[in-house]
Amino acid sequence: MISLIFDIALISAGILLAQVSLMKYDAIDETVDKLAGILSGFQGIIGGLTLVLGVLRVLGGGCTLMSIAGVLAGLVLLGVSLKSVPAIGEFLNNASTALKAFSIPIG
């Protein structure tokens, strides 16, 4: 069940992160725009899910490309809200800022 939630969160994060790139395709541009509009309200939740579940999968021995992509997508989607994390908030915010340039490949 957790794996299914993680998969759905990754797909949602991919749509949010790669929206600009996906809009180039005429056949799906309207659908992507509608989906991204709906999902943008849940950006923090999606980012939190992908970050937490990705870290848990990496630490649990299931370190796959999906888990790493989940951690990276979570960092990018959470952005400035990570600054409030005690002790490591500034580091996470800097990591998020550095990864924003790679949001399309991550998505």
Side-chain angles (χ1 to χ4, degrees):
M1 183 66 163
I2 298 293
S3 181
L4 178 64
I5 293 171
F6 185 54
D7 292 343
I8 292 171
L10 282 175
I11 292 168
S12 301
I15 291 170
L16 286 172
L17 292 173
Q19 177 185 5
V20 174
S21 180
L22 292 173
M23 294 290 286
K24 293 178 184 175
Y25 301 104
D26 293 333
I28 62 169
D29 63 345
E30 292 177 20
T31 306
V32 170
D33 192 37
K34 287 180 188 176
L35 271 173
I38 293 168
L39 293 174
S40 65
F42 302 100
Q43 183 172 341
I45 296 169
I46 294 167
L49 277 172
T50 57
L51 180 63
V52 170
L53 294 176
V55 167
L56 289 176
R57 288 184 77 172
V58 167
L59 295 177
C63 185
T64 62
L65 186 59
M66 267 181 40
S67 303
I68 295 169
V71 172
L72 296 175
L75 283 172
V76 172
L77 288 175
L78 287 176
V80 178
S81 60
L82 291 171
K83 202 171 194 173
S84 63
V85 176
I88 59 170
E90 192 63 37
F91 171 76
L92 293 174
N93 186 38
N94 292 339
S96 174
T97 304
L99 288 172
K100 283 205 189 289
F102 302 103
S103 64
I104 292 174
I106 292 170

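For clarity, every value in this text was computed on a predicted model and none was experimentally measured. Side chains included, hydrogens not; waters and symmetry mates left out as well; all remaining heavy atoms used.
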Show me, pair by pair, the donor-acceptor contacts under 3.5 angstrom made by side chains of residues 58-70, not counting sequence neighbours?
| unit_1 | atom_1 | unit_2 | atom_2 | d |
| --- | --- | --- | --- | --- |
| Thr64 | OG1 | Met66 | N | 3.4 |
| Thr64 | OG1 | Ser67 | N | 3.4 |
| Thr64 | OG1 | Ser67 | OG | 3.3 |
| Ser67 | OG | Gly62 | O | 3.1 |

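Separation of atoms CG (Leu78) and CD1 (Ile45) is listed at 10.5 Å; rounding is to 0.5 Å.
Between Leu75 and Leu99, the shortest heavy-atom contact is CD1-CD1, 3.9 Å. The two atoms that bring Phe102 and Pro105 nearest to each other are O-CD, 3.2 Å, heavy atoms only. For the pair Val71 and Val55, the tightest heavy-atom approach, listed with the atom from each and the gap, is CG2-N, 3.6 Å. In plain terms, the two heavy atoms of Phe6 and Leu53 that are nearest each other are CD1-CB, 3.5 Å. Between Ile46 and Ser12, the shortest heavy-atom contact is CD1-CB, 3.7 Å. Contact between Ala9 and Leu49 at its shortest, heavy atoms only, is CB-CB, 4.1 Å.
Linking ILVMFWY side-chain heavy atoms closer than 4.5 Å, directly or via other members, places Ile38 and Ile15 in two distinct hydrophobic clusters. Transitive grouping of hydrophobic side chains (ILVMFWY, heavy atoms separated by less than 4.5 Å) brings Leu56 and Ile2 into a common cluster. No single ILVMFWY cluster, assembled from side-chain heavy atoms under 4.5 Å apart, contains both Ile8 and Leu39.
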